[in-house]
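One structure is given here, and the rest of the page talks about it.
In this text, all values refer to a predicted model and were calculated from it rather than measured experimentally.
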Protein chains: 2
Amino acid sequence: MDYEKESELLKALGHPIRLKMVQGLMNDECNVNKIMDVLGIPQSTASQHLGKLKDKGILVARKDGVRTCYKIADDKVREIIKILEV
Amino acid sequence: MDYEKESELLKALGHPIRLKMVQGLMNDECNVNKIMDVLGIPQSTASQHLGKLKDKGILVARKDGVRTCYKIADDKVREIIKILEV
DNA sequence: TCGTTATATCTGAATATAACAATATTAAGA
DNA sequence: TCTTAATATTGTTATATTCAGATATAACGA
């Protein structure tokens with residue numbers, strides 16, 4: 001196991017807002033605007049958390065005009081979320 | 001899902017030393033002294049990390065005379081480690 | 001081009017975490 | 001009781017994270 005890498009992954013998931021974001025993306029892709037509304041947080045805060053999730057390879061971003069759609073990029077992450085959902 | 005609680009769990013696992021500790025405890029229980037030697041870190045550092053893992057309910061401690069044996073207390077944690085090991 | 005919308009980046013203050021030496025505590029044996 | 005070994009706690013310093021306002025950038029329609 002690459003302890004540095006995997007612990008970074010866990011740390012990135014280890015924040016309530018980011019955990020909500022990732023779980024919310026388990027089913028559908030979503031844009032920052034929508035995520036921001038659902039979570040009730042300022043736009044810059046949402047963007048920063050999404051940026052961190054992207055940096056760690058948890059999410060990938062796809063540009064669609066002005067919008068940015070994020071989705072889960074790592075199957076390990078999906079499995080971890082499922083375990084926590086039980 | 002209790003986002004606060006689960007994200008605290010992930011955050012506690014999200015440190016290379018703590019991840020190594022928990023993985024090392026997947027098979028056998030272990031005392032601080034041994035863990036410290038294996039990881040090559042000062043005793044106080046090891047104790048603090050173990051303390052945090054205990055606080056978050058990831059490990060339980062059992063006193064055996066002067067020794068303290070830690071073991072994994074949470075099956076979700078075992079599953080997460082297994083996923084990361086693949 | 002201008003205005004608007006969506007998103008990202010910058011910035012600084014507040015807070016949290018990390019490391020580790022020093023010290024305290026506790027248990028067991030001489 | 002005195003010593004020693006194992007572990008926990010405390011204090012300090014360095015570093016990282018979080019939040020949110022301000023600002024920048026980019027795409028689109030009028």
Checklist outcome for this item: Nearest heavy-atom approach of V22(A) to I72(A) is O-CD1, 3.5 Å
Checklist outcome for this item: Residues pairing under side chain to side chain donor-acceptor pair (under 3.5 Å) where one sits in residues 22-31 of chain A, two or more places apart or in two chains, turn out to be Q23(A)-E85(A), Q23(A)-Y3(B), E29(A)-R62(A)
N/O contacts under 3.5 Å, protein versus nucleotides 13-15 of chain C?
none

Scan the side chains in residues 33-47 of chain B for donor-acceptor partners under 3.5 Å anywhere in the protein, sequence neighbours excluded, and list what turns up.
none

Item to check | T45(B) vs dC20(C): side-chain N/O to OP1/OP2 distance below 4.0 Å | outcome: yes
Checklist entry - Among all residues two or more places apart in sequence or in another chain, which pass the side-chain contact (heavy atoms from CB on, under 4.5 Å) test with D55(B)? => result none
Item to check | Atom of L13(B), atom of S7(A) and distance for their closest heavy-atom approach | outcome: O-CB, 4.2 Å
Checklist entry - Which residues, if any, of residues 7-29 of chain A bring a heavy atom under 4.0 Å of DNA chain D? => result K11(A), H15(A), R18(A)
Item to check | From CA spacing to verdict: side chain to side chain contact (heavy atoms under 4.5 Å, CB included), H15(A), L19(A) | outcome: CA-CA 6 Å; H15(A) 187 288; L19(A) 190 54; over 6 Å; no
Item to check | Residues forming a side-chain hydrogen bond (donor to acceptor under 3.5 Å, both in side chains) with H49(A), sequence neighbours excluded | outcome: R18(A)
Item to check | Whole-Å distance separating the NZ atom of K56(B) from the P atom of dA16(C) | outcome: 12 Å
Item to check | Minimum-distance pair of heavy atoms, taken over all atoms of V60(A) and A73(A) | outcome: CG1-CB, 3.6 Å
Checklist entry - Do you know the tightest heavy-atom contact between C30(A) and L25(A)? => result CB-CD2, 3.4 Å
Item to check | Strand contacts (DNA chain D) in residues 66-74 of chain B, 4.0 angstrom heavy-atom criterion | outcome: V66(B), R67(B), T68(B), Y70(B)
Checklist entry - Sequence neighbours excluded, which residues qualify as side-chain contact (heavy atoms from CB on, under 4.5 Å) partners of A61(B)? => result K54(B), T68(B), Y70(B)
Item to check | Positions of residues 31-42 of chain B (non-hydrogen atom under 4.0 Å from DNA chain D), listed by number | outcome: N31(B), V32(B), N33(B)
Checklist outcome for this item: The complete set of ring-ring contact (aromatic ring centres under 6.0 Å, His included) pairs with one or both residues in residues 16-43 of chain B, sequence neighbours excluded, reads none
Next on the checklist: Base, sugar-phosphate or nothing for K54(A)? Non-hydrogen atoms, less than 4.0 Å.
Outcome noted: nothing
Checklist entry - Under the salt bridge (charged side-chain N to carboxylate O under 4.0 Å, His left out) rule, what pairs show up with a residue in residues 63-83 of chain A, not counting sequence neighbours? => result E6(A)-K76(A)
Checklist entry - Do the side chains of M1(A) and V77(A) join up, straight or via other hydrophobic residues, at under 4.5 Å, putting them in one cluster? => result yes
Next on the checklist: As a quick check of understanding, evaluate side chain to side chain contact (heavy atoms under 4.5 Å, CB included) for K11(A) and L10(B), giving each step before the final call.
Outcome noted: CA-CA 6 Å; K11(A) 190 162 68 168; L10(B) 294 171; over 6 Å; no
Next on the checklist: Grouping I, L, V, M, F, W and Y whenever their side-chain heavy atoms are under 4.5 Å apart, do V66(A) and V32(A) come out in a common cluster?
Outcome noted: no
Item to check | Most 5' of Q48(A) and K63(A) on DNA chain C, judged by nearest nucleotide | outcome: K63(A)
Checklist entry - Does a distance-only test, which skips hydrogens and angles, find a donor-acceptor pair under 3.5 Å between the side chain of Q43(B) and the base of dC20(C)? => result no
Next on the checklist: Going 5' to 3' along DNA chain D, which are the first and last nucleotides with any atom under 4.0 Å from a heavy atom of chain A?
Outcome noted: dT17(D) to dC28(D)
